[in-house]
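Step one of this worksheet: look at the structure below.
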Amino acid sequence: MTSAGTKLFDLSFLEQMDDQAFIIQVVTLYLQDTQADLETMENDLGAGNVDAVYKTAHKLKSSTGMLQANTLFLMLEKTEKTAKAGILTSELSSLLQSVRAEFEILKVALETHLQQLETT
């Protein structure tokens, strides 16, 4: 699947393990954890806790990088850098909205891929 002409994700790193059950588990956990972490980041931003937004963005960036979801990775990287600057801005709010929207696109693609993995 693609978003704006780029591949949404690439599981080749995980596929090197040659363990389909492991891939399913990793992707399932990623989807669950990322959903929860995005909600946490949004709540932290609303509370003005920019340091917590920075830490969560950093965590998400790492797990997103493992799935090679490069568009979301770059968005999280920018969110992390903006939050690290420690300034609560409308830019940070806008970045989080973009991250959420990109994650929703990625989520659909990963769920579709999971269904394919589970039936093979």
TODO: Apply the test side-chain contact (heavy atoms from CB on, under 4.5 Å) to residues L60 and E80: give CA-CA distance (whole Å), side-chain angles for both, the deciding distance (0.1 Å), then the verdict.
DONE: CA-CA 10 Å; L60 285 176; E80 177 188 24; over 6 Å; no
Atom pair [atom1] ([X]) and [atom2] ([Y]), whose distance is rounded to the nearest 0.5 Å:
X   : Y   : atom1 : atom2 : result
L45 : Q97 : CG    : CD    : 9.5 Å
L14 : D19 : CG    : CG    : 10.5 Å
N49 : T40 : CG    : OG1   : 11.0 Å
Q68 : F13 : CD    : CZ    : 8.5 Å
T82 : E77 : OG1   : CD    : 10.5 Å
L29 : T34 : CG    : OG1   : 10.0 Å

- [ ] Keeping to residues at least two apart or across chains, list the salt bridge (Lys or Arg N to Asp or Glu O under 4.0 Å) pairs with something in residues 35-49.
- [x] D37-K59, E42-R100
Side chains of [X] and [Y]: does their closest heavy-atom pair fall under 4.5 Å?
X    : Y    : answer
I105 : T71  : no
I24  : E118 : yes
L114 : L31  : yes
L67  : D10  : no
E111 : V27  : no
S63  : D33  : no
K107 : E102 : no
K55  : M41  : no

Task: Hydrophobic cluster membership, M66 vs L38, 4.5 Å side-chain cutoff - done: yes
- [ ] Could you walk me through whether N70 and K7 pass the side-chain contact (heavy atoms from CB on, under 4.5 Å) test, one step at a time?
- [x] CA-CA 8 Å; N70 296 329; K7 198 171 186 181; over 6 Å; no
- [ ] Inspect the surroundings of NZ in K84 and state if more than 12 heavy atoms from other residues, nucleotides or ligands are less than 6.0 Å away.
- [x] no
Task: Crowding at CE, M17 (>12 non-hydrogen neighbours, <6.0 Å) - done: no
- [ ] Using atom types as modelled and distance alone, determine if a side-chain donor or acceptor of Q20 lies under 3.5 Å from a backbone N or O of L117.
- [x] yes
Open item on the list: Between T79 and M75 (side chain of the first, backbone of the second, donor and acceptor by atom type, cut-off under 3.5 Å), is there such a pair?
Closed with: yes
- [ ] Not counting sequence neighbours, list each pair that qualifies as a ring pair (Phe, Tyr, Trp, His ring centres under 6.0 Å) and has a residue in residues 22-73.
- [x] none
- [ ] Write out all pairs satisfying ring pair (Phe, Tyr, Trp, His ring centres under 6.0 Å) with one or both partners inside residues 97-120, taking only residues at least two apart or from two chains.
- [x] F9-H113
TODO: Start with the C-alpha distance between L8 and L72, add both sets of side-chain angles, then the distance that settles side-chain contact (heavy atoms from CB on, under 4.5 Å), and finish with yes or no.
DONE: CA-CA 8 Å; L8 283 176; L72 183 57; over 6 Å; no
Task: Shortest non-hydrogen contact from A69 toward L106 - done: CB-CD2, 3.7 Å
TODO: Looking only at non-hydrogen atoms, find the nearest pair between V50 and G86 and report the distance.
DONE: CG1-CA, 4.0 Å
